[in-house]
Each structure stands twice: as C-alpha cells, then as structure tokens.
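Here the structure is laid out as structure tokens; the discussion comes afterwards.
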Amino acid sequence: MSRRLLGLLLVLPALAVIALLFILPLIMSAIGAFQVDGSYGLGNFSKAFDLYTKDIIFTVVIVSLSTVLIGLASIAIGGYLTLGNNPVAVSILRFLYRWPMFIPFIVVGQLMRTFLAKNGMMNNTAVSLGLMTPMETMSILDWRGIVFAFVWKQTPFVALLVAGAMASLNRDTIEAARNLGASNLRVLFEIIVPQVTVTLTVGLILSFVTMMSVLSVPLMINAQSPTMLTADIAFRVNAYGDYGVANALGLISLVLASSVAWIYLRISLKERA
C-alpha cells in the first residue's frame with residue numbers, strides 16, 4: 001500500500017494539471033453546448049447546423065485535402081533522403097525541409113499573405129521571369145491559400161517522422177530490389193512505404209488534429225464565407241457573445257477530430273499488444 005500511495009502522490013500533480021486545464025474546460029464546454037435559455041436542449045446545435053453547415057463541410061474538405069497532400073509530400077521527401085543518389089542534394093534537402101516546423105502558425109499566415117497575394121512575391125517573381133503579365137496575376141488568398149499554408153507548415157513534421165522510419169529500415173531488401181532492376185519509384189511504394197505505414201498514419205493523424213484547431217491561418221488568408229470552424233467559433237464569441245453556439249461548434253470539431261484520433265488510439269493499442 002505504501003508503494004501504491006507513493007506512486008499516486010507522484011502522479012497527482014500531473015493528474016491535477018490535466019484535470020483542471022483539460023478535462024474540466026472540456027466538460028464545461030460540452031455542458032454549455034446544450035444550455036439554451038436556462039434549460040437544456042439541442043437548440044445550439046440546430047442553429048450551428050443552420051448557419052454553418054457549409055463551413056463544416058469546408059473544414060472537413062480542406063483539412064482532408066491538406067492531409068493527403070502532406071502525406072504525398074512527406075513520402076517524396078523521405079524517399080529522396082533514403083534513395084537519393086546525389087549526396088549534395090540530399091544534404092541540402094535534409095537541412096532545408098525542417099525549417100517551417102519552427103515557424104508559428106500566425107507567422108505562416110502572414111507569410112502566405114505576402115507570398116500569395118495578387119501583388120505578392122510569387123506573382124511578382126512570375127512577372128519578372130516573363131511567365132505572365134501584370135494583368136494576368138491573381139490572388140490565391142482563398143481555400144487554395146489555406147491548403148498551401150497547411151501543407152507547407154505540417155509537411156516537415158510528418159516528413160521528419162517518415163524519414164526517420166525509412167532510415168531505420170534494413171537496406172538489404174532495398175538493394176535486392178535494385179539488383180533485380182526495380183526503379184526507385186517502385187522500391188519506394190512497394191517496399192519502403194508499406195513498412196512505414198504506421199508511422200505515416202500517426203503523423204498524418206496528429207497533423208489532421210492540429211489543422212482542425214488552427215485559427216490564425218483561416219482568419220488571415222480566407223476570412224470570407226465559407227471558412228473554417230475555428231474562425232466561426234471566434235466570430236460567435238467576439239461578435240455576438242454567443243457561447244452556446246460557439247460551444248456547439250467546438251463540440252462538432254471535437255467529434256471530427258476524435259474520429260481520426262480513434263484510429264491513432266487503435267494503432268497505439270495494437271503496438272502495445
């Protein structure tokens with residue numbers, strides 16, 4: 001009993017922090033989502049779906065598309081770091097691809113506004129190279145800008161996990177496939193990727209949940225309708241003080257994130273088993 005009591009006392013501060021800063025606010029938000037004029041009901045959810053159904057679909061599509069592109073970019077980066085034949089190019093890529101990981105999302109939003117605007121760096125560079133005229137330039141500060149920002153920000157995180165998993169693989173199978181005439185692309189998708197699927201899935205799930213919670217990027221790049229749920233939640237609180245609908249939208253976001261978090265938990269439990 002003394003050892004059990006000592007162990008409980010050691011973990012008690014951590015449990016208290018989790019309970020006070022995570023579990024309690026979550027419970028209060030969930031209760032607030034069902035509170036309507038002093039009673040309980042589904043009025044907040046009805047209002048949320050009436051006003052923001054397009055935004056819910058928009059959020060799911062944007063985050064899902066970004067997740068797919070992040071996965072493809074991460075496989076490409078990890079594959080070249082593992083199979084690349086040019087040591088200089090591999091070293092440069094290994095040095096450069098991690099940098100966006102250390103940039104906050106609010107800075108990413110500002111960078112994308114500077115880069116993707118009608119008179120931004122991307123269009124000005126294309127005009128300088130003669131690829132288009134000033135009249136042909138257009139702004140990409142819409143859903144495409146959000147996807148671009150998410151992919152640029154989250155790819156280094158997933159690529160770091162995937163590249164590490166690829167580097168730890170036994171290279172005998174890779175060399176055997178090469179000796180039999182397999183191309184690098186075939187080796188990547190038929191031998192390497194199946195062996196790092198778990199790591200790739202975990203990285204993509206964590207990125208999906210992270211992108212669901214980002215506020216600064218949709219606010220700074222695409223503030224018009226439709227937009228992401230995080231911007232809607234901020235708007236309901238700041239403009240109307242409507243915490244009921246905001247809590248309902250937050251609970252909907254939690255359900256969407258939990259749907260992929262459930263996959264992550266299953267993978268973790270399977271690995272432990």
Side-chain angles (χ1 to χ4, degrees), residues 14 18 22 59-87 89-105 108 146-180 182-214 217 253-273:
I18 294 175
F22 294 95
T59 300
V60 174
V61 171
I62 288 296
V63 176
S64 300
L65 176 60
S66 300
T67 302
V68 172
L69 295 178
I70 289 169
L72 294 176
S74 301
I75 291 173
I77 292 174
Y80 191 80
L81 293 177
T82 304
L83 302 174
N85 297 320
N86 190 328
V90 170
S91 300
I92 294 174
L93 179 61
R94 184 179 289 112
F95 175 76
L96 291 179
Y97 86 91
R98 306 177 188 181
W99 283 103
M101 196 166 45
F102 303 99
I103 301 176
F105 270 105
V108 172
I146 298 178
V147 172
F148 190 94
F150 282 159
V151 173
W152 185 78
K153 177 68 172 69
Q154 288 300 117
T155 295
F157 169 73
V158 181
L160 184 64
L161 299 178
V162 172
M166 290 181 177
S168 64
L169 297 178
N170 189 344
R171 296 192 63 89
D172 291 342
T173 55
I174 299 175
E175 297 302 329
R178 281 176 166 176
N179 292 336
L180 292 174
S183 62
N184 284 340
L185 193 63
R186 188 172 181 181
V187 171
L188 177 62
F189 284 100
E190 293 187 11
I191 296 178
I192 296 179
V193 172
Q195 298 184 71
V196 299
T197 302
V198 174
T199 302
L200 176 63
T201 303
V202 171
L204 293 179
I205 290 172
L206 295 177
S207 294
F208 185 95
V209 175
T210 299
M211 291 184 290
M212 284 289 299
S213 64
V214 175
V217 170
S253 300
L254 177 63
V255 172
L256 295 175
S258 300
S259 62
V260 295
W262 176 77
I263 302 174
Y264 172 73
L265 292 176
R266 288 201 61 181
I267 293 175
S268 299
L269 292 175
K270 185 176 179 180
E271 287 182 343
R272 292 184 180 181

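Side chains included, hydrogens not; waters and symmetry mates left out as well; all remaining heavy atoms used.
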When rounded to the nearest 0.5 Å, the distance separating OG1 of T199 from CG of L204 is 10.5 Å
Main-chain N/O of P194 paired with T197 side-chain donor or acceptor, under 3.5 Å: yes
Distance col, row I77:CD1 vs L72:CG, nearest 0.5 angstrom, shows 11.5 Å
Review point. Quick one: does R178's side chain get under 4.5 Å of N184's, heavy atoms only?
Key: yes
Tightest non-hydrogen contact, residues P104 and F102, listed as CD-O, 3.8 Å
Are the side chains of F208 and F150 in touch, meaning some heavy atoms are under 4.5 Å apart? no
Would you indicate whether the side-chain heavy atoms of Q195 and T173 approach each other to under 4.5 Å? yes
dist S258:OG -> I263:CD1 (nearest 0.5 Å) comes out at 11.5 Å
Let me see the working for V214 and K153 under side chain to side chain contact (heavy atoms under 4.5 Å, CB included), right down to the final yes or no.
CA-CA 11 Å; V214 175; K153 177 68 172 69; over 6 Å; no
Heavy atoms of V158 and S207 approach each other most closely as CG2-OG, 3.2 Å
Correct closest heavy-atom pair for V187 and A177 would be CG2-CB, 3.9 Å
Nearest heavy-atom approach of F105 to Q154 is CZ-OE1, 3.4 Å
Q. Is L188 close to M166 at the side-chain level, that is, under 4.5 Å between some pair of heavy atoms?
A. yes
Taken to the nearest 0.5 Å, the spacing of L69 CG from F148 CZ works out to 11.0 Å
Value for CD1 (I62) from CE (M212), rounded to nearest 0.5 Å, stands at 12.0 Å
Side-chain donor or acceptor of S213 paired with backbone N/O of T210 under 3.5 Å: yes
When rounded to the nearest 0.5 Å, the distance separating CG of L83 from CD1 of I174 is 5.5 Å
Note: V209 and A257 closest approach over all heavy atoms is CG2-O, 4.2 Å
Is there side-chain contact between Y80 and N86, with heavy atoms separated by less than 4.5 Å? yes
*Is any side-chain heavy atom of L169 less than 4.5 Å from a side-chain heavy atom of I191?*
no
**Study point:** A159 backbone acceptor or donor facing R98 side chain under 3.5 Å
**Key:** no
All heavy atoms of A163 vs all of L81, minimum pair found to be CB-CD1, 3.9 Å
Point to revise | Beyond-backbone contact of T82 with R171, side-chain heavy atoms, under 4.5 angstrom | key: yes
